[in-house]
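First the proteins, then the strands, lettered A, B, ... as listed; each starts at 1. The basis for the numbers below is simple: all heavy atoms, side chains too, and nothing from hydrogens, waters or symmetry mates.
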2 protein chains.
Amino acid sequence: MALAILDDRSYNECMNKLDKPNKREQLLEQGVNLLLAQGYHGTGLKEILDAVKIPKGSFYQYFESKEAFGAEVVTHYIEPFIQQLTDHLNNPELDALSVLQAYFAALIHDLEQGDFKGGCLLGNLMGEIGDTSELCRFSLKQAIGRYRDLLVLGLTRAQAEGSVRADKSAERMADLLLNTWQGALLRMKIEQSVMPIRACCEDLLGGYFKA
Amino acid sequence: MALAILDDRSYNECMNKLDKPNKREQLLEQGVNLLLAQGYHGTGLKEILDAVKIPKGSFYQYFESKEAFGAEVVTHYIEPFIQQLTDHLNNPELDALSVLQAYFAALIHDLEQGDFKGGCLLGNLMGEIGDTSELCRFSLKQAIGRYRDLLVLGLTRAQAEGSVRADKSAERMADLLLNTWQGALLRMKIEQSVMPIRACCEDLLGGYFKA
DNA sequence: TATAAAAATATGACCGGTCGTATATATGCC
DNA sequence: GGCATATATACGACCGGTCATATTTTTATA
């Protein structure tokens with residue numbers, strides 16, 4: 001067999017670093033997809049396990065409970081968004097306000113492609129279990145906090161560049177932007193239109209926040 | 001027995017207008033409470049039925065399905081808010097901006113008393129089932145629409161009174177206020193603080209919207 | 001008006017299925 | 001063979017929904 005060319009050490013590496021964590025990763029990946037589409041209580045473990053072809057009994061090998069799994073899914077979900085926004089902000093060719101506008105424009109584009117389904121997992125879970133699962137509440141708070149801090153960074157830089165007003169704190173503006181975005185995502189879902197989220201960005205980044 | 005003093009007609013009235021619709025009303029009432037506290041998929045029919053002591057089989061006498069029930073719960077939930085806001089707006093002694101500020105201040109007070117639990121049923125359900133149940137989506141859209149129109153009315157009047165800026169449309173401001181409020185309610189749940197919703201009102205009604 | 005037949009309504013046991021979780025067995029590595 | 005991990009099976013509880021039966025209300029007959 002093909003694996004015979006590998007010695008024991010590298011075989012174990014393969015199993016430990018690719019296979020085993022891979023299954024965990026797969027579970028989290030599918031967890032993101034399904035929780036985003038159907039919510040926490042609307043998604044059964046079996047559905048997730050079937051999707052990644054992992055036997056039911058194995059779930060508790062990887063996670064303590066569904067609740068703990070949910071908390072990890074939240075963290076796993078936000079990572080790419082943090083990464084993407086960080087990357088955009090590290091681009092020295094664009095001013096900070098343009099970066100934020102471009103970033104949100106990209107999000108809007110993706111949401112439009114996705115038929116206004118899902119929205120933001122953080123927003124959905126804050127509403128569904130934010131006040132019933134302490135574990136998930138903490139995880140959500142953490143994730144939102146990291147994201148908010150990135151927005152603060154961008155807005156602070158935009159203030160220094162003179163494109164965003166300095167008479168309001170970057171923190172307050174970041175919260176306003178984040179909260180309005182979350183609310184607009186909810187509206188998007190029921191209006192089945194990107195109008196709410198487009199208006200959100202226009203009104204704030206293109207209006208209220210302008211220097 | 002006490003009821004013997006009533007003739008047939010008034011007895012029937014009693015049964016029809018109090019007892020029977022009362023049970024339907026009770027179901028909706030408890031539906032509001034439980035769906036607000038535990039979400040749609042997090043609440044079983046049995047839990048609602050037990051709370052109002054109505055047998056399982058009777059549920060489908062009153063409602064087509066859990067989904068149809070959920071849609072009606074949404075409508076039943078928003079009614080008092082519409083009523084309260086309408087009453088406030090009909091008060092001729094206060095200017096429209098003060099009315100809005102007082103109305104939201106009252107909401108904030110109530111939410112603080114309630115330990116930041118629940119938030120807004122419309123927001124929670126938009127996130128949880130706004131894109132999976134067409135029936136509820138329509139009901140949510142309707143409810144949000146009615147509420148928004150009331151905010152538009154208030155803001156339009158405030159514009160006419162000169163307390164709110166006229167260079168932005170009342171519609172756009174109403175949407176911004178509503179969406180930010182919804183997002184701030186989500187934040188409230190995970191931060192366990194009224195700070196987000198307080199900031200929302202200060203930033204918009206006390207800042208951005210000011211003439 | 002008294003009585004019986006019929007129509008309407010109320011009921012809770014029960015349906016197949018799924019929930020999250022526990023445990024006992026099987027499997028693979030030293 | 002000893003040990004740790006992975007998996008299958010099973011658990012009791014609960015899910016939304018149905019249905020035959022019991023009860024009540026209405027209608028018809030005398």
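Between the C1' atom of C:dA10 and the OH atom of B:Tyr62 lies a distance of 8 Å, rounded to the nearest Å. Summarising the geometry, the separation between NZ on B:Lys46 and C1' on C:dA13 is reported as 12 Å, rounded to the nearest angstrom. For the pair A:Arg24 CZ and D:dA6 P, the interatomic distance rounds to 12 Å; values are reported in whole Å. Following rounding to the nearest Å, B:Ile48 (CD1) and D:dC15 (C1') show an atom-to-atom distance of 13 Å. Following rounding to the nearest Å, A:Leu49 (CG) and C:dT21 (P) show an atom-to-atom distance of 12 Å. Taking atom CZ of residue A:Phe69 and atom P of nucleotide C:dT21, one finds them 12 Å apart after rounding to whole Å.
Relative ring orientation between A:Phe63 and A:Phe69 is described as perpendicular, the plane-to-plane angle rising above 60° on a 0-90° scale split at 30° and 60°.
Distance from the side chain of B:Leu45 is smallest for D:dG16 among the nucleotides D:dG16, D:dT7, D:dC15. Relative to the side chain of B:Lys23, the nucleotides D:dT7, C:dT11, D:dC15 differ in distance, and C:dT11 lies closest.
For the pair A:Glu128 (side chain) and B:Gly39 (backbone), a donor-acceptor distance under 3.5 Å is absent. Within the 3.5 Å criterion, the main-chain N or O of B:Gly118 finds a donor-acceptor partner in the side chain of A:Asp131.
The CD atom of A:Glu202 lies 5.0 Å from the CZ atom of B:Arg172; values are rounded to the nearest 0.5 Å.
Of the residues near DNA chain C, A:Lys56 and B:Gly57, the one whose nearest nucleotide (by heavy atom distance) lies more toward the 5' end is B:Gly57. Heavy-atom distances to DNA chain C give each of A:Tyr60 and B:Gln61 a nearest nucleotide, and the one nearer the 5′ end belongs to B:Gln61.
Residue-level contact check: A:Gly44 touches the backbone only, with heavy atoms under 4.0 Å from sugar-phosphate atoms and none from bases.
Contact between the side-chain N/O atoms of A:Ser58 and the OP1/OP2 oxygens of D:dA6 is not found at any separation under 4.0 Å. In this model, the phosphate group of D:dG16 is approached by a side-chain N or O of B:Lys66 to a distance below 4.0 Å at OP1 or OP2. One finds no side-chain N or O of A:Lys53 lying less than 4.0 angstrom from the OP1 or OP2 phosphate oxygen of D:dT7.
Taking the ring axis of B:Tyr40 as reference, the NZ or CZ atom of B:Lys66 stays within 45° of it and closer than 6.0 Å to the ring centre.
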